[in-house]
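Let me begin by presenting the structure, written as structure tokens, before commenting on it.
Here is how names work: the chains are called A, B, and so on, in the same order as the sequence lines, proteins then strands, and each is numbered from 1. Small disclaimer: the values here were computed from a predicted structure and weren't measured.
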Amino acid sequence: KNEVEQSPQNLTAQEGEFITINCSYSVGISALHWLQQHPGGGIVSLFMLSSGKKKHGRLIATINIQEKHSSLHITASHPRDSAVYICAVRWEGADGLTFGKGTHLIIQP
Amino acid sequence: DGGITQSPKYLFRKEGQNVTLSCEQNLNHDAMYWYRQDPGQGLRLIYYSQIVNDFQKGDIAEGYSVSREKKESFPLTVTSAQKNPTAFYLCASSIDGEETQYFGPGTRLLVL
């Protein structure tokens, strides 16, 4: 069964720290998404990438297709970054997305 | 304002009842999706539709039904055949089947 694995499951850090969340997947993909889910349940799409690196504000997403691995980085973390971060992939030739279980991030003041 | 709306925010169902969750988008997106989220698990795809009057089963379609009579609307019916319906349901849409998905606020369904 094709799988998406995220690590760590839970992460608590101090304000200002550099945060890294990892995502690994089992077979070839056509795209990888990073999503953010806040406590109320709403989900926001952060990035969609198929190669290289993307940056938006303090968020950076990278992907290594050969190693089947992606990372989401948060620079100068802030308590408002506290959320669940979800990695999702579209397998090659497939419809729909397969989601990781999420990384629960807490940034303490 | 463009976006996706889901209603209601909370829904209670009695045993044996069918209930319908609403999803509407005014983004002019062709593709729409329904996902289910359970505690400690990733989102799972229930149904998706890439065009009006057409839809496909996702990974966990049993006990659910959908319709796509209008581009803007993709209602999900949770039937009495769904034995464990308590979950958080999220609707999403995208321009086509391959682009970024935009999510609604979700509906939390509870069985009484």
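- For the pair A/F99 and B/L43, the tightest heavy-atom approach, listed with the atom from each and the gap, is CD1-O, 3.4 Å.
- Linking Ile, Leu, Val, Met, Phe, Trp and Tyr residues whenever their side-chain heavy atoms come within less than 4.5 Å places B/W34 and B/M32 in a single cluster.
- For B/Q37, the part sitting under 4.5 Å from any heavy atom of chain A is the side chain, from C-beta outward, and nothing else.
- In terms of hydrophobic clustering, with Ile, Leu, Val, Met, Phe, Trp and Tyr side chains grouped at heavy-atom distances under 4.5 Å, B/F88 and A/I86 are assigned to a common cluster.
- Expressed to the nearest 0.5 Å, how far CD1 of A/I43 lies from OH of B/Y102 amounts to 14.5 Å.
- Grouping the Ile, Leu, Val, Met, Phe, Trp and Tyr side chains by contacts below 4.5 angstrom, directly or via other members, places A/M48 apart from A/I60.
- The shortest side-chain heavy-atom distance between A/F47 and B/T100 does not fall under the 4.5 Å cut-off.
- Heavy atoms of other residues, nucleotides or ligands lying less than 6.0 angstrom from NZ of A/K101 number 12 at most.
- In this structure the side chain of A/L35 reaches within 4.5 angstrom of the side chain of B/F103, judged on heavy atoms.
- Only the side chain of B/Q50 comes within contact range of chain A, with at least one heavy atom under 4.5 Å from a heavy atom of that chain.
- In terms of hydrophobic clustering, with Ile, Leu, Val, Met, Phe, Trp and Tyr side chains grouped at heavy-atom distances under 4.5 Å, B/V52 and B/I4 are assigned to different clusters.
- Around the CD atom of B/E62, the shell of radius 6.0 Å holds no more than 12 heavy atoms that belong to other residues, nucleotides or ligands.
- To the nearest 0.5 angstrom, A/L97 atom CG is 15.5 Å from B/R44 atom CZ.
- Heavy atoms closer than 4.5 Å to chain A are found in the side chain of B/L45, but not in its backbone.
- When the shell of 6.0 Å around CD1 of A/I65 is examined, it contains more than 12 heavy atoms from other residues, nucleotides or ligands.
- Listed here is the closest heavy atom pair of B/Q101 and A/S45: O-CB, 3.6 Å.
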